[in-house]
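Written below as structure tokens is the structure these notes are about.
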Amino acid sequence: MPDTTRSTRRGPAALAGLVAAASALAVAEVVAAALSLPASTPLLAVGDAVVDLAPPPVKQFAVDTFGTADKPALLLGTALLLATAAALLGAACAWRRAVGPVGVTVFTAVGLAAVLTRPASGPLDALPTLAGGAVCVVVLLRLVHAATPKGNAANPVTGTADGSGFDRRRFALLAGAAAAASAGAGVGARLLTASSPTARLTPADVVIPRPADRAAPLPEGADLELDGLSSFFTPNVDFYRIDTALSVPRVDAAAWSLRVHGLGVERERVFTYTDLLDHPGLRERDITLACVSNPVGGPYVGNARWIGVPLAALLAELGVRPPADGGPADQLVARSQDGMTIGTPVADVMDGRDALLTVGMNGHPLPYEHGFPVRMVVPGLYGYVSACKWITDIELTTFDAFDAYWVPRGWSERGPVKTQSRVDTPRDGAALRPGRVMVAGVAWAQHTGVDRVEVRVGDGPWTPARLAEEDSADTWRQWVLDWDAEPGEHRISVRATDRDGVTQTRVGAPVAPDGATGHHTVTVTVA
């Protein structure tokens, strides 16, 4: 006959582990919200640590699989793993009480390590995890005690039998009350964080001044406005976001500052948000950004109208010279509020291109997700070596002296954007009717410019597409080709040639270490 007493005990005990873990996370959220340290919760800290320690192939798999939803997927995966571990710990605690406190102590230590190794963390950051761990032990032992069958119940403090029995109704009431309290506390903590006056100057409060140097009007014919074709300007809400921040920093622009220092800086300075808004050199430029993780034909590229202060002008004000003029620094290291470091060649920043410390995006202050209050934008370089969001520090140094975040993880020190083109319409796998079909897409060769786009159907000849008018060499360019589609399955490929006469290679290469190569190809069926 099966041991039903034992199996009954283990089931409720596993549930006790789940409820105890939920209680711990809720208490940690409450303490973090009360201390105005929302990023110090153990779930976020462990998630950040996973992102930091994951090897590049794993990171790329997450991006390829989940796209811009990679961070919610990571948090969900971390929560599921925690739930599984909590249930197993609860079941083990039913067998031997000491397993519970020991297991919780181990998980608390892991959480503390993740929290305290975060950039700019302090002693107070440990309190949410410690409070959550303490509550977890108490709730776990109380619920496991309530789940123990009559005659086997051990007092959670003394460890001796006290004759109490497993009252299912009592256990359900205790577990339900703990779960409800946890849910309420978690929601309350989120509401407290959302309503907290930690940020006195938010994007909603900012009015971006009219720049002294405005972008030229968009040339007529630069946006072909075709169905299925990416719009010339990418709306802020649709602009790709690939970074390591699980919790988007909510920086108070009124308290924000940017320190510029290092090799060749004759006059170290700290800039405020007001300094940048009031800078006489504020300018507006159209610039396309691309992520090095973008596969051939991928979505991690976008075009926006940015407003910011020329970075080269700020550096020159502080006495910085480019390496070609004898400057001792060849790398500019930008540091983010969340601890990210991004290394950019000083030569590229100061060679005359529109490298900006941006405060505005498509006519609005930067959204939090895209770096409010200030981020870097450097045309012609992939984001991992140029587009530091939530920037707080710029240090002039050398590539020999410092490796920025991505370099030890297998990516190249320097990341110039490679010429690329993409078919937006028709989509891969589309079913089309015979006759005239518009094949259209975008191409980019930042800081050089697109000179020609060609399309090939099957193994046929390369046919020049019609190019939209060019806005600037720093923006993508739309293209379109009228194709007489005949019945059958067809493979459509595209390639671009830049203004230096270099044609996009057909040789395929992965995104690591410095950007993907190859021709984007879609397959359609005409019937």
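Everything numeric in this text was worked out from a predicted model, so none of it was measured.
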Quick one: does Val374's side chain get under 4.5 Å of Phe271's, heavy atoms only? no

Main-chain N/O of Phe233 paired with Ser231 side-chain donor or acceptor, under 3.5 Å: yes

So, the side chain of Asp330 versus the backbone of Phe399: is there a donor-acceptor pair under 3.5 Å, distance only? yes

Would you say Leu356 and Ile287 make side-chain contact, with heavy atoms under 4.5 Å? yes

Which residues share a salt bridge (charged side-chain N to carboxylate O under 4.0 Å, His left out) with Arg375, sequence neighbours left out: none

Side chain proximity check, Leu143 to Phe171, heavy atoms < 4.5 angstrom: yes

Between Pro211 and Leu282, which heavy-atom pair has the shortest distance, and what is it? CB-O, 3.5 Å

Is the side chain of Gln420 donor-acceptor paired with the backbone N or O of Ala516 at a distance under 3.5 Å, no angle test? yes

Angle class for the Trp256/Tyr273 ring planes (parallel below 30°, perpendicular above 60°, tilted otherwise)? perpendicular

Does Lys389 offer a backbone N or O that forms a donor-acceptor pair with the side chain of Ser336 under 3.5 Å? yes

Any sub-3.5 Å donor-acceptor pair from Arg97's side-chain atoms to Leu141's backbone N or O? no

Give the C-alpha distance, both sets of side-chain angles, the deciding distance and a yes or no for side-chain contact (heavy atoms from CB on, under 4.5 Å) between Leu357 and Met376. CA-CA 5 Å; Leu357 287 174; Met376 273 178 58; 3.6 Å; yes

Counting C-beta onward and ignoring hydrogens, is there a side-chain heavy-atom pair between Trp306 and Leu366 closer than 4.5 Å? yes

Compare all side-chain heavy atoms of Phe402 with those of Glu395 and state whether any distance is below 4.5 angstrom. no

Heavy atoms of other groups near Arg169 CZ, more than 12 under 6.0 Å: no

Minimum side-chain heavy-atom gap Val27-Val30 below 4.5 Å: no

Single hit among Val265, Val333, Leu311 for side chain to side chain contact (heavy atoms under 4.5 Å, CB included) with Ile394: Leu311

Can Thr398 and Asp400 be counted as having a side-chain donor-acceptor contact under 3.5 angstrom? no

State whether the side chain of Thr397 and the backbone N or O of Gln331 hold a donor-acceptor pair below 3.5 Å, judged by distance alone. no

For the residue pair Tyr240 and Tyr300, categorise the inter-ring angle as parallel (less than 30°), tilted (30 to 60°) or perpendicular (more than 60°). tilted

Does His279 reach the side chain of Leu314, with side-chain heavy atoms less than 4.5 Å apart? yes

Derivation of the side-chain contact (heavy atoms from CB on, under 4.5 Å) call for Glu317 and Val260: CA-CA 11 Å; Glu317 290 175 15; Val260 183; over 6 Å; no

Hey, does the side chain of Asn236 reach the backbone of Met361 with a donor-acceptor pair shorter than 3.5 angstrom? yes

Any non-hydrogen side-chain atom of Leu381 less than 4.5 Å from a side-chain atom of Pro345? yes

Using modelled atom types and a 3.5 Å cut-off, is there a donor and acceptor pairing between side-chain atoms of Arg259 and backbone atoms of Thr392? no

Looking at every heavy atom in both Ala26 and Ala185, which two are closest together, and how far apart are they? CB-CB, 4.1 Å

Regarding Asp514 and Lys418, does a basic nitrogen lie under 4.0 Å from an acidic carboxylate oxygen? yes

Test side-chain contact (heavy atoms from CB on, under 4.5 Å) on Val292 and Val511 and set out the steps. CA-CA 6 Å; Val292 72; Val511 296; 5.6 Å; no

For the pair Asp474 and Arg285, find out whether any cationic side-chain nitrogen is under 4.0 Å from an anionic carboxylate oxygen. no

For Ala131 and Val31, the nearest pair of non-hydrogen atoms, with its separation, is CB-CG2, 3.9 Å

Heavy-atom count check: over 12 atoms from other residues, nucleotides or ligands less than 6.0 Å from Arg269 CZ? yes

Show your working on side-chain contact (heavy atoms from CB on, under 4.5 Å) between Asp393 and His261 and close with a plain yes or no. CA-CA 8 Å; Asp393 187 274; His261 60 106; 3.0 Å; yes

Donor-acceptor pair, side chain of Thr234 and main chain of Asn303, under 3.5 angstrom: yes

